[in-house]
Asks: 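One structure coming up, written as structure tokens, with questions to follow.
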Amino acid sequence: MTASISTAGSDKAIEDPYTWLEEVESPESLEFAKSANDACLDALGNPETSNTGTYSKVLSVLESDDRIAYVGKYGINGQGETMMYNFWKDSNNPKGLWRKTTFESYKSDEPVWETVLDLDALAEKDGISWVYKGSSKLSRSLDPLSNSMGEGSDMFTRALLNLSRGGADAVHIKEFDLIKEDFVSEDEGGFILPEAKTRASYKSRDVLHVGSDFGEGSLTDSGYPRVIKEWVRGTKIEDAPIVFEGEASDVSVSVGINDQRRRNGPIYESRSRALTFYTTKRWVRRVQYEHLLAPNDPKREGIEEPEDFKEVDVQEDASVSYVGKRMMISLRSDWEPVPGGQTYKAGSLLDTDADAFLTKGKESVEYSVLFEPTERTAYDGYTCTKNYLILSTMDNVKSKLSFYKIGDDGFTYVGGDKEAQILDSSASPIDSTDSDEIWLYTSGYTQPSALSLGDASKAVTDSGEDSKQSYHLEDLKSLPAMYDTTDLVVTQKFATSKDGTEIPYFVISKKGIALDGNNPTLLYGYGGFEISLGPKYIATVGLAWLERGGVYVEANIRGGGEFGPTWHQAGLKANRHKIYEDFIAVGEDLCSSKICKPATLAARGGSNGGLLMGMMYVMRPDLFGAIHCAVPLLDMKRFHTLLAGASWMAEYGDPDSSDWDDFLHKYSPYHLIDESVDKYPPMLVTTSTRDDRVHPAHARKMVKKLWDLGKDKDWPIYYYENIEGGHGGAADAKQSAFMTSLAYDFMFDTLSKGKSA
């Protein structure tokens with residue numbers, strides 16, 4: 001099988017002889033993968049038996065009982081106990097246990113756990129390598145049986161479990177009874193859906209909103225739901241009516257229920273069409289609880305029909321949500337709701353009266369600015385307790401929390417962090433329906449992750465002093481030091497990109513390292529989709545790299561969200577070269593400062609970061625001594641035809657338009673391999689057969705082409721394809737340890753040979 005591709009700037013067509021590798025599970029493709037895997041391990045060694053010990057060290061961390069067991073509150077049982085649930089994997093339970101304990105027990109050093117569901121036992125019973133992909137619970141406020149465990153009880157009673165074969169994005173959905181702790185069978189009217197990229201959520205106890213693969217025309221070009229059905233318990237999904245639909249060219253459609261009655265607001269029912277990855281059309285209406293029930297439910301008798309849906313008249317690239325009676329608007333571009341009036345900056349968070357906005361229109365309401373960015377600060381999201389909104393922002397890629405009291409007329413600042421810190425600091429409500437208690441999470445490059453208990457109502461400060469100590473109640477759990485951080489220091493530095501922009505990056509190294517260019521240095525980057533990098537404790541990096549004397553670097557290049565939407569938009573489509581120039585600038589700065597030299601500098605990235613690695617390989621083979629390119633995009637001529645690729649055209653461009661000739665051909669590593677180059681750096685390419693987000697053909701085709709063109713050349717290229725694992729590359733801890741140690745050992749061993757080069 002071949003495909004014709006037009007070369008940039010001409011009508012000449014070339015053949016792509018490697019499209020046969022796009023057949024994911026064809027015998028030929030699988031044989032290629034297995035043969036490549038064998039060759040890779042023959043050349044690099046099997047990490048499980050390597051004398052480096054990296055595999056066993058990483059596996060011990062991934063399966064360690066010392067990991068923090070993060071929990072979620074599922075309610076209050078019949079004995080008045082607050083119940084916490086957790087999903088846990090370890091060496092005895094590689095697939096995982098869904099388990100529960102009381103809040104009081106959880107706060108102790110030795111919580112007593114009860115198993116709710118054993119995934120390993122389920123996988124063995126079903127003969128399927130299940131990977132748990134989370135759950136969607138029936139809201140207690142919409143469940144008349146939430147108090148079924150006795151007086152004073154208030155528990156989640158039902159959940160939709162997402163189970164994936166081998167870690168793929170596509171899931172099987174099975175309804176689970178949290179009281180009986182068993183699946184709800186079809187005979188009992190249970191909601192069960194076959195494998196697909198399904199999105200399902202409860203509208204009420206006996207009604208689901210479902211978007212899935214219902215047959216021809218039900219999916220978008222990106223492979224996500226195009227239609228939403230309303231499925232009533234006890235009926236067939238085939239007979240469920242379509243209540244909302246988008247266009248095939250949309251990325252996806254979705255619906256949602258947001259019950260804000262606890263904050264004196266209404267129930268909001270929303271619908272949306274994601275036109276691109278960054279633009280969405282939205283509709284909303286306010287409903288009563290009875291409107292969420294099945295059409296034939298007796299409780300609907302005598303209830304007037306709900307109001308019509310109204311289009312939310314904001315810019316398509318804005319995000320909209322609701323808190324009580326307030327509408328929250330997060331801007332990705334400048335907005336002037338009243339012609340000739342005030343312009344609100346991209347990156348701002350606004351709020352306004354939701355009822356007035358939906359009734360009178362955007363020009364007739366007042367807006368409050370909860371956050372406005374500066375050149376080096378950015379909005380990072382918000383969360384709410386019952387009575388408080390917690391705003392998370394970044395200042396030069398450092399975290400900061402601010403607290404606001406929720407009111408019918410807006411939000412009042414009460415306190416928070418005075419200074420941003422070089423660590424990841426975040427908060428989430430323990431139970432946003434009836435409490436202001438919060439979980440506090442902290443993590444730094446060398447600071448183990450910690451979980452604390454806080455109270456948003458305690459953040460009030462009158463002095464202007466940092467109120468962190470006041471909202472922090474007690475330390476609960478902390479990860480022990482998983483690697484030796486003695487004399488490790490974290491430094492933020494800046495490189496100057498080709499266009500003069502300052503690019504921040506973090507360096508983690510031993511104090512007082514010799515600036516002789518011989519330090520094995522790993523430079524990590526992503527640069528896309530407004531995803532930020534920043535301080536987080538990654539034990540695998542510590543064990544596999546820092547403990548061995550390596551230097552670890554993260555580059556906050558454009559395309560990410562470190563400085564808000566403008567930082568991301570600066571690297572979109574025709575400007576994508578700036579992302580690659582930023583990464584190169586950081587690499588050159590590391591070399592000019594003598595931390596390393598090209599022979600001791602490795603680069604690593606995955607997914608969109610894998611595309612970044614591909615570009616480094618073809619743009620600057622002289623700058624890197626080793627590259628690890630993980631689950632990558634590489635063929636930018638056909639990416640939109642492979643799996644979810646069509647959804648990313650807002651990021652990269654449309655290969656079927658003039659975009660290809662204008663700029664996309666410059667960012668397609670698969671087409672930029674230069675046969676005249678005598679030496680490319682050693683590169684390890686890894687992917688997963690079960691990755692149904694980024695197609696494994698990107699990696700397969702690139703490697704096969706390099707092997708074919710690079711015969712008799714100094715182009716060392718290694719390829720390993722995990723047969724399971726999904727987009728994360730691994731389905732369980734052993735697979736993850738294998739893939740991690742394979743990559744780190746390859747990079748460190750290769751750079752070690754470059755010290756004397």
Side-chain angles (χ1 to χ4, degrees), residues 71-88 93 95-103 105-106 112-126 128 130-164 171-195 198-210 212 229-237 240 257 259 289 292-294 297 299 431 433:
V71 295
K73 179 181 172 181
Y74 274 50
I76 299 173
N77 66 16
Q79 290 73 48
E81 298 168 316
T82 299
M83 300 305 299
M84 298 293 179
Y85 282 56
N86 159 264
F87 189 78
W88 181 260
N93 306 280
K95 296 295 181 187
L97 292 175
W98 204 19
R99 58 187 191 171
K100 66 182 180 180
T101 189
T102 66
F103 194 16
S105 178
Y106 177 70
V112 177
W113 296 99
E114 297 179 53
T115 298
V116 176
L117 178 66
D118 184 332
L119 263 292
D120 292 274
L122 181 67
E124 183 176 357
K125 171 178 170 286
D126 293 347
I128 299 173
W130 290 125
V131 174
Y132 177 69
K133 287 281 189 171
S135 64
S136 175
K137 300 181 291 296
L138 168 63
S139 171
R140 285 175 291 155
S141 69
L142 303 178
D143 182 7
L145 299 183
S146 65
N147 62 354
S148 60
M149 295 186 72
E151 186 177 350
S153 66
D154 186 18
M155 286 288 296
F156 288 121
T157 66
R158 292 289 173 94
L160 302 172
L161 266 58
N162 300 312
L163 300 174
S164 159
V171 295
H172 294 253
I173 291 182
K174 298 184 178 184
E175 188 175 28
F176 194 82
D177 188 320
L178 287 159
I179 307 302
K180 296 180 180 178
E181 297 184 351
D182 199 0
F183 290 102
V184 185
S185 69
E186 281 190 286
D187 291 341
E188 298 172 297
F191 292 119
I192 301 172
L193 291 165
E195 183 178 68
T198 301
R199 295 176 179 175
S201 61
Y202 287 97
K203 183 178 183 181
S204 57
R205 184 177 179 85
D206 295 321
V207 183
L208 289 192
H209 281 139
V210 182
S212 188
K229 287 189 171 188
E230 193 167 286
W231 186 18
V232 176
R233 190 183 301 280
T235 65
K236 295 181 179 180
I237 185 64
I257 304 296
D259 187 355
Y289 165 74
L292 307 179
L293 304 176
D297 193 299
K299 294 186 182 69
D431 186 345
T433 62

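Just so it is clear, the structure is predicted and the values come from calculations on it, not from any experiment. All residue numbers in this chain count up from 1 along the given sequence.
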Asks: For G150, is there any backbone N or O sitting under 3.5 Å from a side-chain donor or acceptor partner on S153?
Replies: yes
Asks: Can you list the residues that meet the salt bridge (Lys or Arg N to Asp or Glu O under 4.0 Å) rule with K229, with sequence neighbours excluded?
Replies: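 Here no residue qualifies.
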Asks: Shortest non-hydrogen contact from A294 to V232?
Replies: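 Between these two residues, the closest heavy atoms are CB-CG1, 3.8 Å.
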Asks: Mind checking side-chain contact (heavy atoms from CB on, under 4.5 Å) for K125 and listing every partner two or more places apart, or none if nothing turns up?
Replies: none
Asks: As a quick check of understanding, evaluate side-chain contact (heavy atoms from CB on, under 4.5 Å) for I179 and L145, giving each step before the final call.
Replies: CA-CA 10 Å; I179 307 302; L145 299 183; over 6 Å; no
Asks: Taking salt bridge (charged side-chain N to carboxylate O under 4.0 Å, His left out) as the cut-off, I'd like each qualifying pair that reaches into residues 76-85, sequence neighbours left out, listed once.
Replies: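 Salt bridge (charged side-chain N to carboxylate O under 4.0 Å, His left out) check on residues 76-85 returns no pairs.
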Asks: Roughly how far, to the nearest 0.5 Å, is CG of D126 from NZ of K174?
Replies: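 Interatomic distance, K174 NZ to D126 CG, rounded to 0.5 Å: 4.5 Å.
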Asks: Taking ring pair (Phe, Tyr, Trp, His ring centres under 6.0 Å) as the definition, give me every residue that meets it alongside F183, ordered by chain and number, with sequence neighbours left out.
Replies: F176
Asks: Partners of D177 by side chain to side chain donor-acceptor pair (under 3.5 Å), sequence neighbours excluded?
Replies: none
Asks: Does K137 make a cation-pi contact with Y74, if we ask for NZ or CZ under 6.0 Å from the ring centre and within 45° of the axis?
Replies: yes
Asks: Check ring pair (Phe, Tyr, Trp, His ring centres under 6.0 Å) between F87 and all other residues, then give those that pass, not counting sequence neighbours.
Replies: Y132
Asks: Going by the rule salt bridge (Lys or Arg N to Asp or Glu O under 4.0 Å), which residues pair with E181 if we only count those two or more places apart in sequence or in a different chain?
Replies: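 Here the qualifying residues are K100.
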Asks: Out of curiosity, I237 CD1 to W231 CH2, how far, rounded to the nearest 0.5 Å?
Replies: 5.0 Å
Asks: Sequence neighbours excluded, which residues qualify as ring pair (Phe, Tyr, Trp, His ring centres under 6.0 Å) partners of H209?
Replies: none
Asks: What's the spacing between L293 CG and L142 CG if we round to 0.5 Å?
Replies: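 Atom-to-atom, L293:CG and L142:CG are 9.0 Å apart.
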Asks: Which atom names give the shortest non-hydrogen contact between L138 and F156, and what distance separates them?
Replies: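 The answer is O-CD2, 3.1 Å.
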Asks: Should T157 and S148 count as side-chain neighbours, where that means a heavy-atom distance under 4.5 Å?
Replies: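 Contact flag for T157/S148 side chains = yes.
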Asks: Measure the shortest side-chain to side-chain distance between R158 and V184 over non-hydrogen atoms and say whether it is less than 4.5 angstrom.
Replies: yes
Asks: Between R199 and S136, is there a side-chain donor-acceptor contact under 3.5 Å, judged purely by atom types and distance?
Replies: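 Result is no, nothing qualifies.
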Asks: What's the shortest heavy-atom distance between L193 and A200, and which atoms?
Replies: CD1-CB, 4.5 Å
Asks: Which heavy atom of P144 sits nearest a heavy atom of Y289, and at what distance?
Replies: CD-OH, 3.7 Å
Asks: Just verifying a value: how many Å separate Y85 OH and W113 CH2, rounded to the nearest 0.5 Å?
Replies: 11.0 Å
Asks: For N162, enumerate each residue passing the side-chain contact (heavy atoms from CB on, under 4.5 Å) test, keeping only those at least two apart in sequence or located in another chain.
Replies: K133, V171, I173
Asks: Testing N86, L117, L122 one by one against W98 for a side chain to side chain contact (heavy atoms under 4.5 Å, CB included), which residue passes?
Replies: L117
Asks: For D120, enumerate each residue passing the salt bridge (Lys or Arg N to Asp or Glu O under 4.0 Å) test, keeping only those at least two apart in sequence or located in another chain.
Replies: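 Salt bridge (Lys or Arg N to Asp or Glu O under 4.0 Å) list for D120, sorted by chain: empty.
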Asks: Identify, with sequence neighbours excluded, every residue that meets salt bridge (Lys or Arg N to Asp or Glu O under 4.0 Å) alongside R140.
Replies: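 Once residues adjacent in sequence are excluded, the partners of R140 under the salt bridge (Lys or Arg N to Asp or Glu O under 4.0 Å) criterion are D154, D431.
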Asks: I would like to know whether L208 and Y202 meet side-chain contact (heavy atoms from CB on, under 4.5 Å); could you show each step before the answer?
Replies: CA-CA 5 Å; L208 289 192; Y202 287 97; 3.5 Å; yes
Asks: Pair L163, L119 - check side-chain contact (heavy atoms from CB on, under 4.5 Å), show working.
Replies: CA-CA 10 Å; L163 300 174; L119 263 292; 3.8 Å; yes
Asks: Nearest 0.5 Å, what's the CZ-CZ distance between R233 and R205?
Replies: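 Output value for this atom pair is 6.5 Å.
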Asks: Please give me the minimum heavy-atom distance between F191 and L160, naming the atom from each residue.
Replies: CB-CD2, 4.2 Å
Asks: Who pairs with T82 by side chain to side chain donor-acceptor pair (under 3.5 Å), at least two apart in sequence or on another chain?
Replies: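 Listed in chain order: nothing, the list is empty.
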Asks: T102 and M84: side-chain contact (heavy atoms from CB on, under 4.5 Å), yes or no, with the steps?
Replies: CA-CA 6 Å; T102 66; M84 298 293 179; over 6 Å; no
Asks: Indicate the atoms forming the closest heavy-atom contact of M83 with N77, along with that distance.
Replies: SD-ND2, 3.3 Å
Asks: Counting only heavy atoms not in E188 (residues, nucleotides, ligands), do more than 12 fall under 6.0 Å from its CD?
Replies: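 Buried by this count: over 12 neighbours within 6.0 Å.
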Asks: To the nearest 0.5 Å, how far apart are CG in D259 and CG in L292?
Replies: 8.0 Å
